Every structure is written in C-alpha cells, then in structure tokens.
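I have placed the structure first, in the form of structure tokens, so that the comments after it can refer back to it.
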Amino acid sequence: MSLSDEHVEEADDALVRRAEVLFGKRFGRPPRWIVAAPGRVNLIGEHVDYNDGYVLPMAIERHVVIAADRPQASDEDAESKISLFSTALRETADFAPHDDTPSEQPTWHDYVRGVVAECRAAGLEAGPLDVVIDSSVPLGGGLSSSAALEVATATLLEAVSGDTLDPLAKALLCQQAEHRFAGVPCGIMDQFSITFGQRDHLMLLDCRTRQIEQVPMSEGDISVLVINSNVHHELTGGEYAERRRQCEVAASRLKVESLRDVSPAALAAAEDRLDATHLRRARHVVSEIARTAAAAEEVAAGDWVSAGRRMLESHVSLRDDYEVSCSELDLLVDLASRNLGQGIFGSRMTGGGFGGCTVTLAEARRVDELATAIARDYERETGITPSWFTTRPAAGTRILRESG
Ligand code: GLA
C-alpha cells in the first residue's frame, strides 16, 4: 500500500467514527449509511468558470460528512420526512422528500432539499431519512462548504437508492440545485472539484469542454496553506450575480460567445468597445484564463516560483480589476508576500471573495513558522484572530459505509 492510500484510510476511519458517535447520540442507534465530500480550494483561475475558462482547484482534507438511516417503523411522524440535524449549526430541519418548491429565503437545508429534488428528477428517490450532518469545512470561508453539502447529499442518495449517477451528471445536478434552491448562479468549479478530486492531484478543468486533466502534485516539499481571514462581508450574493452579468455584457459587446474567446491581445485592440468597468472585468477574466493555463504547466514541471508569481498577479487582478477582494484578504496576501523567496512562493484570495480565505504555496519545512508569523501580524493589525491549516490535495466524495 502506498503512503497516500494509508492517509486516505486514516482520514476515513476518523470520519466514520465521528459520524457514528454523533448519529448515535441523536438517534440511539448506529447509522446505516455514511458518506463524505471534501471542501475545495482554488489555486488559480478565479471567477472564470462561468466564463468558460480554466480553473485549477483541488479537494481539501476537510469534509462534510453525512450519517443516515431510515426512520424507525415505530416513529410514524418521521416515516414520511427527511429529518436533518446539523452539528455545526446545532439546528434541525425537516421536509417531505417530494417537496421541490424553492424557498423564498434560502438557508442551509435548502442545499439538501435542492439536491433531493434534482436527484428525484434524475430518477433517484430519497424516501424518508434520519440524517446527521457534520462538517470540518469552515462555513462561509470560500472553501465550498455548501457545494460539499450538495455533493455529499447526492452521494448519500446514491447509497440509499443503490443507483449510481454518472459523476458528470451528479456534479451538474448539484450546480443546478444551487441555482434553483440557493439562488446563486455559480459556475461548475466547486461541484466538479468535490466530485472528481484525486489525492495528490490538482485539477485543471476546462469549463467550456468540461474536460479534466489531473495534474500530479506529489511534491512533498510544497505545502498548500489556507488562511481564513475570519471575515465575511455580506455583499457576496448580489455582487456575484452582478459580476457574472457584467462579463456577459462585455462578451456581447465584443461579439463573442464568452470571454474565453478573447485573447489578451484582442482585448487590448478592442478596448474602445467597453466602458471602464466592463473593460476592467474583462481584463481580469481574459488575463486570469491565460495565467491559469500557464500555471498548470508550471506546477506540472515543478516550477513553483513561476506558479507562485502568477498567484500574486491573480490577486492583484481580482483586487483592482474584478474588485472582489477586501482589506483583510489584501493584508494576508501582503504579509505572505513579504516572505517571497524565503519559504513562500505565492499567495492570493481564493473562492468568491469579499472575505473568506487566502491560499498560499509554501515550503513544507517552513510553513508552520511562516503561517504563525502571518497570523500574528494579521491579528495585530486587524484585531481579528485568523485560523489556518495546511492540506494536500484530497480525494473526492465517497461512500464510507453502506450496511444492511
Ligand atoms: C464561487 C462559485 C464558483 C466560482 C468561484 C469564483 O465559489 O461557486 O463557481 O465562480 O466563486 O471563482
């Protein structure tokens, strides 16, 4: 058995044990099914998935775990419902398995409800369930805790129904649930990285063709450091949809199907067709797609210095042209950059923005010391205590237990 296989098994054991204990505490019996789905971090390729571009994310060693069983026959009330308990939020919710009307004010359980509804449309019936949801993916930190919940739910429904979804259809169905039930017009990056993640691989995803190239990252000397700014500016919902619309307007003024069809040189030659805001948005997207393709090659060649430089360029572009960063993320990136060439290769905001996390490439042997120093300086300047962890690229969603 290779080292990485052992790691996967150890992580799985811990997840199974925790889910078992939590389910047992609530329902007084062991769960029949346990599934897990990881969060994700995006190394580079931000806000380009809905522009048909390239993204380079990876699944992380933080998971949403779901433990479930059929309700006991003695409990007639529960027998017609899906009853959820979220350990992170300490909240319960229940709904009928065939209820497929989106809520006016979406909240956490709408992600589950949405996936149940979309699975039903795809021929997978959930039926009544007792469910405990546990998570080590920080909520609202830009690490796709909601997409992890969606994909974990779809994986649970596969286990429960005994049917398997085509993984591509599964990822798309989860994206559809997010559009319809959470009201967020997200791209495909999150659901794809969580569904198709492979241990020790980054995923170069072409969001136009949906082709995936797994890029090996088994270099033990390099660490992926995730620092959570622990701020979340509540602008995100509307701002995300607005950015997406601005890209569509820019593409239509440039007479192309999407901004993927525009090269940096073509954009420079057509600047007068866009107003200042649309030009800035397009400039980010067009340059980010080119940066991501180049960074994937650099990572594959082990050229961390060049890939790291592109991450910093990506951050500047997101900050100045796309305007989705915030002062706390800028500070984290700035603090990391002060150690460029001394253990840090590159750093940038990751995910939708307006708070959440940065992702930093660092030398494994120095990463703890560097992260501690960055966290200390960040806290000194902002008064906010950040949290951080390092992670290797992890495996995608999976069923951990099916019994009975
Ligand atoms: C969110 C969305 C993704 C992607 C990123 C930005 O995470 O869910 O589809 O657009 O923002 O890259």
Side-chain angles (χ1 to χ4, degrees), residues 37-60 62 64 106 110-111 114-115 137-151 171-197 202-208 210 212 226 228 232-248 258-260 281 284-289 291-292 295 310-311 314-315 317-319 321-326 329 348-359:
R40 67 97 189 91
V41 68
N42 187 20
L43 228 64
I44 193 164
E46 214 66 82
H47 284 281
V48 297
D49 60 347
Y50 51 86
N51 287 295
D52 285 346
Y54 293 109
V55 294
L56 192 64
M58 60 181 233
I60 57 174
R62 290 283 185 284
V64 167
D110 290 292
Y111 294 101
V115 173
V137 187
L139 299 179
L143 301 177
S144 286
S145 54
S146 20
L149 177 56
E150 290 155 14
V151 177
L172 292 174
L173 162 166
C174 290
Q175 180 203 24
Q176 185 62 19
E178 179 142 355
H179 286 195
R180 283 192 57 222
F181 284 77
V184 181
C186 63
I188 62 171
M189 171 171 73
D190 305 344
Q191 293 81 5
F192 270 62
S193 23
I194 292 166
T195 304
F196 293 99
L202 299 173
M203 178 188 300
L204 179 65
L205 169 63
D206 179 337
C207 299
R208 168 165 272 173
R210 295 174 184 157
I212 292 171
V226 177
N228 194 340
H232 187 65
H233 300 288
E234 288 296 338
L235 295 159
T236 335
E239 296 275 346
Y240 186 89
E242 186 188 33
R243 293 297 180 287
R244 192 170 176 150
R245 263 195 316 276
Q246 288 169 334
C247 291
E248 284 160 7
S258 77
L259 291 176
R260 167 72 180 271
R281 303 298 186 251
H284 164 69
V285 171
V286 166
S287 63
E288 184 78 352
I289 292 173
R291 269 191 294 276
T292 305
R310 296 206 196 265
M311 289 170 73
S314 164
H315 184 79
S317 177
L318 287 156
R319 184 190 68 196
D321 278 346
Y322 218 62
E323 296 177 282
V324 291
S325 186
C326 62
L329 291 171
R348 56 184 285 282
M349 57 154 275
T350 188
F354 303 109
C357 294
T358 59
V359 58

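Note that ligands are numbered from 1 as they come in the structure, with each ligand's atoms numbered from 1 the same way. Any value given below was found using the heavy atoms of this structure, including those in side chains, with hydrogens, waters and symmetry copies removed. The structure presented is a predicted model; accordingly, all values stated were derived computationally and were not measured.
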Worksheet item: Where do Val359 and Asn42 land on the side chain to side chain contact (heavy atoms under 4.5 Å, CB included) test, with the steps shown first?
Response: CA-CA 8 Å; Val359 58; Asn42 187 20; over 6 Å; no
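- Shown in contact with Asp49 at under 4.0 Å from a heavy atom are these atoms of ligand 1, numbered in order with element: 3 (C), 4 (C), 9 (O), 10 (O).
- Under the side-chain contact (heavy atoms from CB on, under 4.5 Å) criterion, Ala147 pairs with Ser144, Glu150, Asp190, Gln191, Ile194, not counting sequence neighbours.
- Residue-ligand proximity, Gly352 to ligand 1, at heavy-atom distances under 4.0 Å covers atoms 11 (O).
- For atom 1 (C) of ligand 1, the candidate residues are Thr350, Ile44, Asp190; the nearest heavy-atom contact is made by Asp190.
- Ligand 1 has no N or O atom lying under 3.5 Å from any N or O atom of Ser144, backbone or side chain.
- Only side-chain heavy atoms of Arg40 come within less than 4.0 Å of ligand 1; its backbone N, CA, C and O stay farther off.
- Checked for salt-bridge contact, Arg291 and Glu288 meet the test: a charged N lies under 4.0 Å from a carboxylate O.
- Scanning all heavy atoms of the two residues, the minimum distance from Ile60 to Val41 falls at CG2-CG1, 3.6 Å.
- Between Gly187 and ligand 1, an N or O atom pair is found at a separation short of 3.5 Å.
- The aromatic rings of Phe192 and Phe196 are tilted relative to each other, their planes meeting at an angle between 30° and 60°.
- The atoms of ligand 1 that sit less than 4.0 Å from any heavy atom of Met189 are 4 (C), 5 (C), 12 (O).
- Annotation for ligand 1: atoms under 4.0 Å from non-hydrogen atoms of Tyr240 are 1 (C), 2 (C), 3 (C), 4 (C), 9 (O), 10 (O), 11 (O).
- Distance alone, capped at 3.5 Å, is enough to place a donor-acceptor pair between the His284 side chain and the Glu46 backbone.
- Annotation for ligand 1: atoms under 4.0 Å from non-hydrogen atoms of Tyr50 are 10 (O).
- Aromatic ring pairs are classed by plane angle as parallel below 30°, tilted from 30° to 60° and perpendicular above 60°; the pair Tyr322 and His47 is tilted.
- Checked against a 3.5 angstrom limit, the closest N/O atoms of Glu178 and ligand 1 fall outside it.
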